[in-house]
A.B. asks: 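Quick one: the structure is below, and I'll ask about it shortly.
Computed over heavy atoms, backbone and side chain alike; hydrogens, waters and symmetry mates excluded. Below, chains carry the letters A, B, ... as their sequence lines are ordered, and counting in each starts from 1.
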There are 2 protein chains.
Amino acid sequence: MNDRLPPLTALRAFDAAARHMSFSKAAAELNITPAALSFQIKSLEEHLGQPVFRRLNRAVELTEAGRTLAPGTADGFAALTAAWRNTRRLQDNSTLTVTAGPAFTAKWLAPRLYDFAQANPDIELRLSASLRIMDFTRDEIDVAIRFGYGPDEGLFSQRLADEWMTPVMTPDLAKRVKTPVDLANVTLLHDDSLHFLKPACDWAAWFKVEGVDVDSSHGPRFSQADHAIDAALTGTGVVLARISLAHKELQEGRLVAPFETALTTKAHFRFLCPMRAEKRPQIKAFLDWIMAEASQASSFEQGRRFVSAAEPAE
Amino acid sequence: MNDRLPPLTALRAFDAAARHMSFSKAAAELNITPAALSFQIKSLEEHLGQPVFRRLNRAVELTEAGRTLAPGTADGFAALTAAWRNTRRLQDNSTLTVTAGPAFTAKWLAPRLYDFAQANPDIELRLSASLRIMDFTRDEIDVAIRFGYGPDEGLFSQRLADEWMTPVMTPDLAKRVKTPVDLANVTLLHDDSLHFLKPACDWAAWFKVEGVDVDSSHGPRFSQADHAIDAALTGTGVVLARISLAHKELQEGRLVAPFETALTTKAHFRFLCPMRAEKRPQIKAFLDWIMAEASQASSFEQGRRFVSAAEPAE
DNA sequence: TCCTTCAGTTAAGTTATACTTAAGCGAAAT
DNA sequence: ATTTCGCTTAAGTATAACTTAACTGAAGGA
């Protein structure tokens, strides 16, 4: 049996027709006339030896053969299109698409974006806030910032910053909170976005390393870290905040971190991009910039007592 | 940016050239002259705006853009080719490719194949013995016989037979084995291929439901069920055999199953094929035949005492 | 009922793509 | 020094892809 592919244009015509379930719409998509498309389908059916569409009065429907073929052509052309777009994007040195988690985007990237735009006026930065793991070969993403453990196989990976956590609140609220025990009398805000960390880095862990016995089970819970910090900004309560996300607010005095004790995490932020892409000019510029910003952000480490959360007893 | 695909023939030429890393070999594969292929690559590079190959003295190597594009085109054309072959195979009513586990192939299918060939002389049956889960959309498989639990989503699934197990041995050996306790004095053959079953259906489970205390830890272990039965056929020892696999040997008297107690399993054999494919003539013929064979195979159920293995204590 | 519209087909003719042949080129192999 | 190898280029050809225009058969509306 001759298993070589039929004319590719015929396959593409079939793919479009199967997606639209309409010859004329498919023809419009491909910028050809319905007549041409009709010929392509006919040619495909001759190569196959049987029809792929059943022609009805005012519509078409797939035959068994068509139903078998359609998912494969859809996959195939999707892969080709994705690869082509990604390759074309290589030479586009004017835009840079970065994906990061929603919290990091809101509390770290967004406040610093103006600086980057000033320093690189020729690069148009696009942010894609999502926790979804991106596939550089399929999605139109140049750079990903991810928080967690790694390793990142097959990717260029650069560690940006370790993360640590400490109680954070408005200066007003801080007047009433001088010792860890005082936290029992204020609202505790819970950031649930780090539940995947081991050991757990939550209020219970912090109180434990402080050696005080405070019930930490009450208070509102936030699935996104930035929302917890936003709540703290209103003076609602105290949040055990990730330093990277609270950094700007601390620097500008809207929040304070009065306690010496900080909980270290084993996770860290990493800069990820496809292998060798780190040399592309706009990616290099972004990496250099973000590394510089990240190293500056260590100013609040002074005077802290860093403790790692205890491993949970088995 | 114009993200529409370049001429597909150019993409295909690139794909072949990237796979072979040679223009002339790629041209040979596509049955065109090297000159034509050279033009296709050139055309692709014009559409892309940059070269995909770096021309060296007597060789070519991929540029960064080429390295980005190549995996995608390989995937894409592989998907198209697989879909096309599978669709072509639909109209081939002369062959039928069946995959089943090695044991079922050897001890169930193979001994019955002659019957099927007699009844369906126009169908050429191909067997592919493998435990790998087959993907009907990628592999050239029409029908799969699988042992386990299901469910089988998105597939046509027909339950063929429940499986049960009982001690099986040569008639000679059976003279020395009259009661379960006698099994302590013969070699126990262990079939490890069912370790995924819950509850476990091994010698320990069988002795437990028999209420006797025999050490079942000794004796040779086999990773494939048919090898354990082959060992029993030589008179080496006694195997706790799956009835479907031992059926032919029991029927023809080469093995006997003297004990009343049989261990039921919750798993069963299923016939699997793509949705709607069960109506294709040769698949229908095979399904009808195998269903008839499977229902005949219940002859050894008479006089058995069926017990399910106890759930393990938590 | 008749006319219109809609979706796809068919025929004839045109354009543009894909391909071949033949000659050329530079570097490596002999 | 000469040949060989792998790719390129130029010129010309075949054919695949496409368009325009006329056609079909059924559904929908007045």
A.B. asks: Less than 4.5 Å apart, any side-chain heavy atom of A/M291 and any of A/L160?
C.D. replies: yes
A.B. asks: Look at the aromatic rings of B/F269 and B/F147 and report parallel, tilted or perpendicular, splitting at 30° and 60°.
C.D. replies: tilted
A.B. asks: Side chains of B/L96 and B/R280: does their closest heavy-atom pair fall under 4.5 Å?
C.D. replies: no
A.B. asks: Which nucleotide span of DNA chain C, 5' end to 3' end, has atoms closer than 4.0 Å to non-hydrogen atoms of chain B?
C.D. replies: C/dA18 to C/dA28
A.B. asks: Measure the shortest side-chain to side-chain distance between A/R112 and A/I290 over non-hydrogen atoms and say whether it is less than 4.5 angstrom.
C.D. replies: no
A.B. asks: It should be established whether B/R55 places a side-chain nitrogen or oxygen under 4.0 Å from OP1 or OP2 of nucleotide D/dT8.
C.D. replies: yes
A.B. asks: Are B/R270 and B/D152 side-chain neighbours, meaning at least one heavy-atom pair lies under 4.5 Å?
C.D. replies: yes
A.B. asks: Can you confirm whether A/N120 sits close enough to A/F286 that some side-chain heavy atom of one is under 4.5 Å from a side-chain heavy atom of the other?
C.D. replies: no
A.B. asks: Classify B/R58 by what it touches in the nucleic acid, base, sugar-phosphate, or nothing, heavy-atom distance under 4.0 Å.
C.D. replies: base
A.B. asks: Would you check if B/I141 and B/S128 make a side-chain contact, meaning some heavy-atom pair closer than 4.5 Å?
C.D. replies: yes
A.B. asks: Between residues 23-42 of chain A and DNA chain D, which residues have a heavy-atom gap below 4.0 Å?
C.D. replies: A/N31, A/I32, A/T33, A/A35, A/A36, A/Q40
A.B. asks: Can you measure from CZ (A/F23) to OG1 (A/T33) and round to the nearest 0.5 angstrom?
C.D. replies: 13.0 Å
A.B. asks: Is the shortest heavy-atom distance from the side chain of A/H47 to the side chain of B/W84 under 4.5 Å?
C.D. replies: yes
A.B. asks: May I ask you to decide if the ring planes of B/F53 and B/F14 are parallel, tilted or perpendicular, using 30° and 60° as cut-offs?
C.D. replies: tilted
A.B. asks: Please list, by residue number, the residues of residues 43-50 of chain B whose heavy atoms come closer than 4.0 Å to an atom of DNA chain D; answer none if no residue qualifies.
C.D. replies: none
